[in-house]
Amino acid sequence: MDPAEFKAKYGVTKPPLDTPELVFHCQVGRRGAVATDKAQKLGYTHARNYAGAYKEWSEREGK
């Protein structure tokens, strides 16, 4: 997807392939891992998955 189309669809600037911090997450962890894998295959070399997902993060925030 070209940058203009990305901006129109998502309302944010498309990150460059060498973005130093591109972190994916989901509710439990599985979809975040799938998204990270796909981003890496598309050339986002620094893409990472927050393996603990939202569930872990929200439990930490509640303490």
Side-chain angles (χ1 to χ4, degrees):
M1 180 181 296
D2 78 2
E5 185 180 357
F6 188 95
K7 176 88 172 183
K9 184 171 183 173
Y10 299 109
V12 295
T13 303
K14 181 180 179 180
L17 293 177
D18 63 348
T19 296
E21 293 184 2
L22 186 60
V23 180
F24 292 90
H25 65 90
C26 64
Q27 184 69 27
V28 180
R30 171 86 175 113
R31 288 170 293 161
V34 170
T36 302
D37 182 58
K38 184 165 191 150
Q40 289 172 342
K41 287 178 180 172
L42 289 170
Y44 287 92
T45 57
H46 300 291
R48 296 175 290 155
N49 179 40
Y50 179 61
Y54 177 78
K55 184 176 181 348
E56 177 189 287
W57 178 81
S58 64
E59 287 171 358
R60 279 196 212 177
E61 289 295 305
K63 293 180 181 179

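Between K38 and F24 the shortest side-chain heavy-atom distance does not fall below 4.5 Å. Within the 4.5 Å cutoff, the side chain of F6 has heavy atoms near those of the V12 side chain.
Residues Y44 and V23 fall into different hydrophobic clusters, defined by Ile, Leu, Val, Met, Phe, Trp and Tyr side chains chained together at heavy-atom separations under 4.5 Å.
To the nearest 0.5 Å, the span separating NZ on K14 from CE on M1 amounts to 7.5 Å. Rounded to the nearest 0.5 angstrom, Q40 CD and R48 CZ are separated by 10.5 Å. With values rounded to the nearest 0.5 angstrom, H46 atom NE2 is found 6.5 Å from D18 atom CG.
Minimum heavy-atom separation, A39 to A47: CB-CB, 4.0 Å. The minimum heavy-atom distance between N49 and T36, with the atom names listed, is CB-OG1, 3.2 Å.
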